[in-house]
2 protein chains.
Amino acid sequence: MPDVPSAHPITLGPVTNDFPEGADSKRRGRATLKDVAHRAGVSVPTVSRVIAGNYPVALSTKRRVEKALRELDYVANTHARALRGHGAGTVALVLQDVRGEAFAQFAHGIEEEASRRGRLCLLCVSGGDPDRELQAVHLMRQQGAEAVIVIGGVVDDEAYRRRMSEIARSLDQAGSRLVLCGRPPLGEGVPVTVVEYDNEGGAYAVTSRLLAAGHRRILLFGGDVAHTTSAQRFAGYRRALTDYGVPYEKDLVVKAAFDRGDAYLRMRERLAAARDFTSVFALTDVVAAGALRALTEAGLQVPGDVSLVGYDDVPPATDLRPLLTTVHVPYEDMGRTAVRLALDHRGDSGRVAGEGHVLLGTHVVVRDSVAPPPPAGTA
Amino acid sequence: MPDVPSAHPITLGPVTNDFPEGADSKRRGRATLKDVAHRAGVSVPTVSRVIAGNYPVALSTKRRVEKALRELDYVANTHARALRGHGAGTVALVLQDVRGEAFAQFAHGIEEEASRRGRLCLLCVSGGDPDRELQAVHLMRQQGAEAVIVIGGVVDDEAYRRRMSEIARSLDQAGSRLVLCGRPPLGEGVPVTVVEYDNEGGAYAVTSRLLAAGHRRILLFGGDVAHTTSAQRFAGYRRALTDYGVPYEKDLVVKAAFDRGDAYLRMRERLAAARDFTSVFALTDVVAAGALRALTEAGLQVPGDVSLVGYDDVPPATDLRPLLTTVHVPYEDMGRTAVRLALDHRGDSGRVAGEGHVLLGTHVVVRDSVAPPPPAGTA
DNA sequence: TATGGCTTAGTTATCGTTTTCTATCGCCTG
DNA sequence: CAGGCGATAGAAAACGATAACTAAGCCATA
């Protein structure tokens, strides 16, 4: 019987055995290839082949299988698939906090590029804790992620480098790839892809802009130099100072967490202590928002009395009045680039650090928060 | 030889065969249990038992295995594990856009609760496209996610309900759970968990506040009533109007996308057409930000000339001047709740819609953007 | 009419892990 | 001293899917 149209699910003589696991409408768990094969009266690989479409199957058989597939609402099991060959097709993503605008942009870029390439995204939040970050990467490794992308700065000590390098090698050996995004490389010979932005350059550029406007006392506000992101911005600030022949003053550096609340508080404290600056370089836009509030509440005009610049160029920066002059960072681009590099180069383990090292440009976005310092010295 | 301390990786007579796949330092791919077992001179299950720790293993054996584990940098294969029993321990997350503050808060709550329970998060972005959303859910189903959480409103038509209901049933049958977050249920008998917030109530409350301040011409600004989130807020607005005996006017409803740019443009258009309102109910804080900019640029004082309220109470709302009166929505809580409900109730398929339906409260956050309408009628 | 090739399907092995199920040893108890 | 039990370890099966073989028809060609 080569081509029975099968009005009923085909029934082959006494071999029928149509209810091996009961009326299968009440099956617990999802239908497997076996269930489908059984219902269609074919073998398991045949069903697999109908699905994959990479092998000739008679039209009548194909139709029968497709019917069974539909009736049983078959859904493939990714794990079994991943086990048998090609990885799981996932890209992992480790960041501090999804709620940060910059991180969200990163994540968006990554997700976009990943899904464009048919990959799924695994998300892990570290809360900025290095241990949790390492743990997260370990989890991702278990998942067989094709790439593990770690986003954002870090407190860069010896222990971190050692452990992350180990992980990089382990990932590399497993055919996966560690990508550091917005974070410096780990050193020679460590198999890592690095996607950075010109952080120091951006900081240099905004600081220069303040200096060019005539400011000499620029408060560096926010962050903590132990953190790579802050450190690089700090470096740009210092270099600009040097180039303008302005001496660096330790008292003009004020720490603050990267959130509105803490920034507001710290700026208020600083203002209470001394008003000995004519401008503020806030290390992020969010910090700038908090600072702006404190400045305004203290009766200072921005930019009339005090100029203010930020960093990141996140959308809410356009809510501030005056509109904030800031540094644009191509976060989404970086995310996309990270995925692209990781997926394209994956596997050719001949690579070492340096080959997969990209540096994206930043630029100052000039808006309304910078003016020349007030004539006398409002301090 | 019961207890050899094994200075060297144990060597058993002629059976040694220590290099079956070459000097294994150069193995491609990750080390498997087999590799470890081989190196430790034990069987595969023994290694598995050492790792799981759920079966007695002689101390000397255990030590030997642990050494091999370390030396080979063994990492378990989640897929194999997931295949052989318990699921993969993942929770899936489908949302429109990570960059939205509200979504990000959702995601944060979900990630937090999920990782607290030892689950990993799968992230999918739909871009607000129903087809991509369905497709995403399908992918998650393949992954065997323990819960699939879909976040945010939707254009609620017949096709959507039918297809989502199917998916809900399919997920349920597979021992998983569909959770609708910030989105209405699908109807009787559909196995879905729903976590909503009192959207209509919040809208009623803010609108009432404007009415109580004396406003009679309130512009409902942003969104599109086809979308459930907008529709509910619109309903609250109308109910408040009714309760205050204020007639509803179609001309006071203006559509706008949920982003600053479009909101700014639409408000500018509306102001150019007619200034026939004394207050604005922006459907989200971001829309309020765009509206505020247009209002200010048009020379209107907020709240002196026009009062403004928002919805969502996201952090950047505190950047606006005046500080925005808005409605607080417990997004993070909702995320946590979604995970909790899905994971706790999972499996007892006796449930139907209704049991897993939670409604979280909202409340107005009073700040500085509402005042009585100007005496004459600045319109 | 034999031979070979094409088409189609089924068999078998495999991925890495966990879970039975067996088997061996030593020792205790009656 | 035999029966049995606790401790330990290996062997075998299973999870679901796929790829590599193998086999059975059938047609065409020599």
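Each chain gets a letter, A, B and so on, in the order its sequence line appears, and its residues count up from 1.
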Will you find, in the side chains of Ser126(B) and Asp129(B), an N or O donor that is under 3.5 Å from an N or O acceptor? no
So, under a plain 3.5 Å distance rule, would you say the side chain of Arg81(B) forms a donor-acceptor pair with the base of dT17(C)? no
Winner on side-chain proximity to Ala76(B), out of dT19(C), dT17(C), dC15(C), is dT17(C)
Side-chain atoms of Ser48(A) come closest, of dT8(C), dA9(D), dT18(D), to dT18(D)
Picking from dA17(D), dT17(C), dA9(D), the nucleotide nearest the side-chain atoms of Leu33(B) would be dT17(C)
Between CG of Asn77(B) and C1' of dC15(D) the distance, given in whole Å, is 13 Å
Rounded to whole Å, the CG-C1' distance (Leu72(B) to dG16(C)) equals 15 Å
Whole-Å distance, Arg64(A) CZ to dG10(C) C1', equals 14 Å
Side-chain atoms of Arg49(A) come closest, of dT19(C), dA9(C), dG16(C), to dA9(C)
Of Leu83(B) and Leu59(B), the one whose nearest nucleotide on DNA chain D sits closer to the 5' end is Leu59(B)
Note to self: Quick check: any donor-acceptor pair below 3.5 Å linking the side-chain of Arg84(A) to the base of dT18(D)?
What the structure shows: yes
note: Lys62(B), atom NZ; dA9(D), atom P; distance rounded to Å ~ 12 Å
* Quick one: the side chain of Tyr55(B) and the base of dA9(D), do they pair up donor-acceptor inside 3.5 Å? -> yes
Whole-Å distance, Asp35(B) CG to dT17(C) C1', equals 13 Å
Salt-bridge present (Glu66(B), Arg70(B); N to O < 4.0 Å)
no
query = Is it true that Glu146(A) and Arg119(A) have a side-chain N and a carboxylate O under 4.0 angstrom from each other?
reply = yes
To the nearest angstrom, the OH-C1' distance between Tyr74(B) and dT18(C) comes to 10 Å
Whole-Å distance, Asn54(B) CG to dA9(D) P, equals 14 Å
Taking dT17(C), dA11(D), dA9(D) as options, the one with an atom nearest any side-chain atom of Pro45(B) is dA11(D)
| Under 4.0 Å between a Lys/Arg side-chain N and an Asp/Glu carboxylate O for Arg183(B) and Glu133(B)? | yes
From CD1 of Ile51(A) across to P of dG16(D) the rounded distance in Å is 14 Å
### Task
Report yes if at least one side-chain N or O of Thr32(B) is closer than 4.0 Å to OP1 or OP2 of dG16(C); otherwise report no.
no
- Query: With a 4.0 Å cut-off on heavy atoms, is Val57(A) in touch with a base, just the backbone sugar-phosphate, or nothing at all?
  - Reply: sugar-phosphate
query: Does the side chain of Thr61(B) get closer than 4.0 angstrom to OP1 or OP2 of dT8(D) through an N or O atom?
result: no
Checklist entry - Any ion pair linking Glu71(A) and Arg39(A) (charged N to carboxylate O, less than 4.0 Å)? => result yes
